[in-house]
Structures are given as C-alpha cells and as structure tokens.
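Note that the structure is predicted; figures quoted are calculated from it, not measured. This chain uses plain numbering: 1 for the first residue, then up along the sequence. Indexing begins at 1, ligand by ligand and atom by atom, following the structure's order.
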Amino acid sequence: MPIVNRVAALQGEIAAWRHDMHAHPELLYDVHRTAANVVDKLKSFGCDEVVTGIGRTGVVGIIRGRKPGTKVIGLRADMDALPLEEETGLPYKSTVPGKMHACGHDGHTAMLLGAAKYLAETRNFAGSAVLIFQPAEEGGAGGLAMIKDGLMGRFGIHEVYGMHNHPGLPVGQFAIRPGAMMASADHIVIDLEGKGGHAAKPHLSIDTILVGAQIINQLQSVVARNIDPLEAAVVSVCMFQAGHTDNVIPQHARLRGTARALTAEVRERLQTRIGEVVEGTARLYGAKAKITYTNGYPVLVNHERQAAFAAGVAREIAGTDKVDTAAAPVMGAEDFAFMLQDRPGAFIFVGNGDSAGLHHPAYDFNDEAIPVGTSYWVRLAETALAG
Ligand SMILES: [Zn+2]
Ligand SMILES: [Zn+2]
C-alpha cells in the first residue's frame with residue numbers, strides 16, 4: 001500500500017501552507033503566528049478539540065475515530081525556525097531578516113496538518129489521535145514544557161511518535177532504529193580567571209589564553225582516553241573569548257562547548273571527566289576555573305516494539321526496500337527525546353533528498369516528501385488505532 005491517494009491529492013494545499021510558514025519564520029516559544037495558523041486550520045478541519053497554551057505556545061488537536069476504542073496516540077510536529085539569514089532565493093523565502101526555517105519544521109507542521117485534515121475527514125479508526133504541535137525544539141525544550149503542562153496525562157496519551165526530515169536520504173525513503181538514535185547534548189561554559197598584565201612581563205601574569213588553549217587540548221583526551229572506543233561521544237569547544245589587544249594578557253577568558261553521548265553512562269562519564277580536566281589544568285597554571293555544566297536534551301531512545309511498528313508502517317508507504325531499520329545513530333539532539341522518556345514511541349527520519357544540510361542557509365524542506373510523510377502519519381494512526 002503506497003502513498004494514500006487522498007493525501008497525494010492534498011499535496012499542493014499542504015505545500016502552500018508550508019510556503020506560508022516558511023515565509024514567516026518564528027523562533028523558540030515566540031511562534032504566535034504559526035500557532036494561530038495551526039489552531040485555525042485544526043478548527044476548520046473539524047477537530048473535536050483544539051487546546052492552546054500547552055507549553056506556552058504549543059497547540060494540541062484531538063480527533064476521535066468513528067469506531068469505539070479507548071487507545072490514544074500522540075503524533076508530534078515542531079513549529080519553530082532558526083536564527084540565521086536565508087540564502088535560498090526561493091519565491092517563498094523568509095520575509096523576516098535573520099530568521100529562517102532551516103530545519104524543515106515548516107514541513108513537519110504542514111504534514112501533520114495534512115494528516116489532521118485527512119483523519120478528521122475519514123475518522124477510520126478506533127480511539128483518539130492527539131496532534132501535538134510544539135514550540136521551541138531548537139534549544140528551548142518546548143517538548144519538555146508541554147510535558148510539564150501535563151500533555152501526556154491530560155490527553156491520556158499511550159504512545160507517541162515523531163518524524164524529522166533527513167537531507168541525504170532519498171525522497172520516498174525512511175530510516176529508523178530501535179534504541180538510541182540521537183545523542184544527548186549538554187552545554188559547557190568555562191570561565192577562567194588568571195592574572196592580567198603587560199604582555200612584556202608574562203612572568204608576572206597568569207595567562208588565561210594559554211590556560212584556555214591547554215584546556216581545549218586536554219579535553220580532547222576525554223573522548224580519546226576515557227571513553228570505551230566502541231561507544232560514541234563528542235566533546236567540542238566551539239567558542240573561545242579572551243583579550244582585546246596585542247599587548248595585554250587578559251585577566252579573563254571564556255570557553256563554551258557541547259558534550260554528546262548515546263548512553264546515560266557515557267554522558268555521566270563525560271561530565272565527570274570534563275570537570276576534572278578543566279579544574280586540574282587550570283590549577284596546574286595557577287588559574288581559577290568555574291565550570292557551568294548544563295544538561296540539555298537527553299539521549300533519544302526509540303522503544304523497541306514501537307520502532308518495529310513504525311518501521312512496518314513506513315514499509316507499507318515506501319516499500320520494503322526503502323526503509324532502513326538499522327540506521328546509524330546521529331550525534332545531533334532532539335527535544336522529542338523527552339517525550340520518549342515519558343511514553344513508549346518512536347522517532348523516524350523521512351528522506352529530504354539531495355538538499356543542503358539542516359541549519360544551512362541554502363536548506364529547504366522538500367515538498368516531494370509531503371505525500372510520503374503525511375501518508376506515514378495517517379497510516380500510523382489508522383494502524384495503531386485499528387481497534
Ligand atoms: Zn534543527
Ligand atoms: Zn529540527
């Protein structure tokens with residue numbers, strides 16, 4: 001059973017919704033226009049309930065099937081864009097300077113709206129489909145905010161599913177795996193204090209630039225020497241700020257970076273070792289280091305049974321040979337990880353073809369993926385809620 005015919009007929013309409021969102025990107029929780037648009041559409045489709053203000057600007061739509069049943073599944077899309085300048089030259093390119101839908105969340109929201117339209121029209125299932133539109137996926141933990149507002153309990157969600165487009169994977173294909181599929185992402189801030197002074201008298205100073213450089217080098221030993229080589233881990237220092245001119249040794253320096261892992265154990269080990277290495281290295285040079293280590297998104301872990309189920313639905317849509325069920329995990333992170341900590345479910349990648357990468361200024365969601373992703377959603381709901 002390939003692409004759903006009715007969904008294929010909706011492709012142009014769904015693409016038009018996406019282009020409108022693409023032209024009006026909004027960041028983090030500030031997705032007022034997008035959320036209002038989602039609300040209007042869900043109401044016009046005849047959703048049984050449309051609830052706003054879950055996780056500040058999150059929106060939830062509920063569609064009840066016409067067969068009797070009590071099972072409830074959640075289908076989740078994200079609505080927020082990114083703070084970067086679009087360089088696509090598309091007719092529907094961003095009208096907001098410095099903001100862009102560079103992760104395809106416009107496509108995710110449009111596809112879930114398309115699924116909502118179909119499901120509200122047909123209602124060929126038992127139980128309820130809960131459509132979850134979350135804000136602030138890009139670093140703001142909007143999914144967690146929705147959970148804290150009672151998303152799962154309030155709507156009685158039993159299982160939850162998510163989807164992300166994947167540049168490099170051909171359109172019409174899916175990729176998924178059971179277990180860890182995306183990394184945890186923790187934030188590291190290191191504030192160094194040395195002793196400022198004249199560049200000509202280094203012996204009277206404690207040079208925070210030298211200390212920072214040594215810390216960056218030493219941190220590379222954490223992944224290389226403290227983590228099992230068969231495990232995955234990343235430690236990247238991505239910001240180093242110090243100094244203002246060429247004849248002053250700066251008193252202060254600041255480093256920022258990220259630590260990523262695919263298991264809770266490795267995640268913990270990274271945190272411990274990074275702390276020890278930073279403190280030990282600073283002490284070696286007589287500097288003070290204050291490390292602020294903040295836990296970001298956890299490891300995204302697909303539940304075995306639901307991942308197998310999702311893969312089965314994807315095979316129905318795309319064909320058996322178009323679904324990679326042993327996809328390699330990626331070290332990017334996803335807010336949906338919080339939802340999978342709360343309920344069984346699965347996250348799947350849908351092919352975006354040969355596009356620019358996610359978060360790139362030339363990226364665009366591929367409209368050809370719309371019938372694929374939307375068909376996946378509607379078949380997933382109808383199959384999970386077959387009664
Ligand atoms: Zn992103
Ligand atoms: Zn994304």
Side-chain angles (χ1 to χ4, degrees), residues 18 21-22 24-31 34-35 38 55 57-59 75-88 94 96 98-113 131-146 160-169 171 174-176 181-187 234 236 238 258 260 296-300 302 327 329-340 345-353 355-367 369-370 372-374 376-377:
R18 180 181 87 77
M21 280 183 271
H22 191 92
H24 302 94
E26 297 173 300
L27 303 185
L28 291 167
Y29 288 95
D30 197 21
V31 289
T34 311
V38 166
T57 38
V59 179
L75 312 178
R76 170 276 203 176
D78 36 17
M79 300 187 284
D80 58 321
L82 283 158
L84 76 149
E85 195 65 43
E86 180 161 349
E87 293 174 22
T88 61
S94 172
V96 187
K99 296 182 189 175
M100 172 190 180
H101 266 294
C103 205
H105 299 182
D106 50 343
H108 302 164
T109 295
M111 290 191 296
L112 192 56
L113 282 172
L131 312 161
I132 304 164
F133 296 87
Q134 77 152 80
E137 193 287 319
E138 297 288 0
L144 181 62
M146 291 188 85
V160 67
Y161 294 89
M163 172 164 41
H164 207 291
N165 76 92
H166 207 61
L169 184 67
V171 170
F174 290 93
I176 190 170
M181 187 161 88
M182 297 183 74
S184 59
D186 296 333
H187 311 279
V234 173
S236 290
C238 303
T258 178
R260 289 158 187 253
Y297 297 166
V299 182
L300 183 145
N302 274 336
V330 297
M331 299 308 281
E334 240 295 338
D335 195 3
F336 190 67
F338 289 114
M339 296 198 183
L340 291 179
F347 195 65
I348 197 165
F349 294 136
V350 61
N352 201 55
S355 71
L358 299 173
H359 297 204
H360 188 278
Y363 168 85
D364 189 33
F365 181 86
N366 193 330
D367 285 335
I370 286 175
V372 184
T374 310
Y376 169 78
W377 277 141

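Formation of a donor-acceptor pair under 3.5 Å by the S94 side chain with backbone atoms of K99 is found in this model. Proximity of a side-chain donor or acceptor of Y297 to a complementary backbone N or O of G139 within less than 3.5 Å is detected. Of the possible polar contacts, one joining the H105 side chain to the D80 backbone as a donor-acceptor pair under 3.5 Å is found.
Within the protein, the N, O or S atoms lying under 2.8 Å from the Zn ion (ligand 2) are C103 SG, H105 NE2, H164 NE2.
A donor-acceptor pair shorter than 3.5 Å can be found between the side chains of H22 and E86.
Ring-centre distance between Y376 and F174: below the 6.0 Å cut-off.
Nearest heavy-atom pair across N165 and L358 is OD1-CD2, 3.5 Å.
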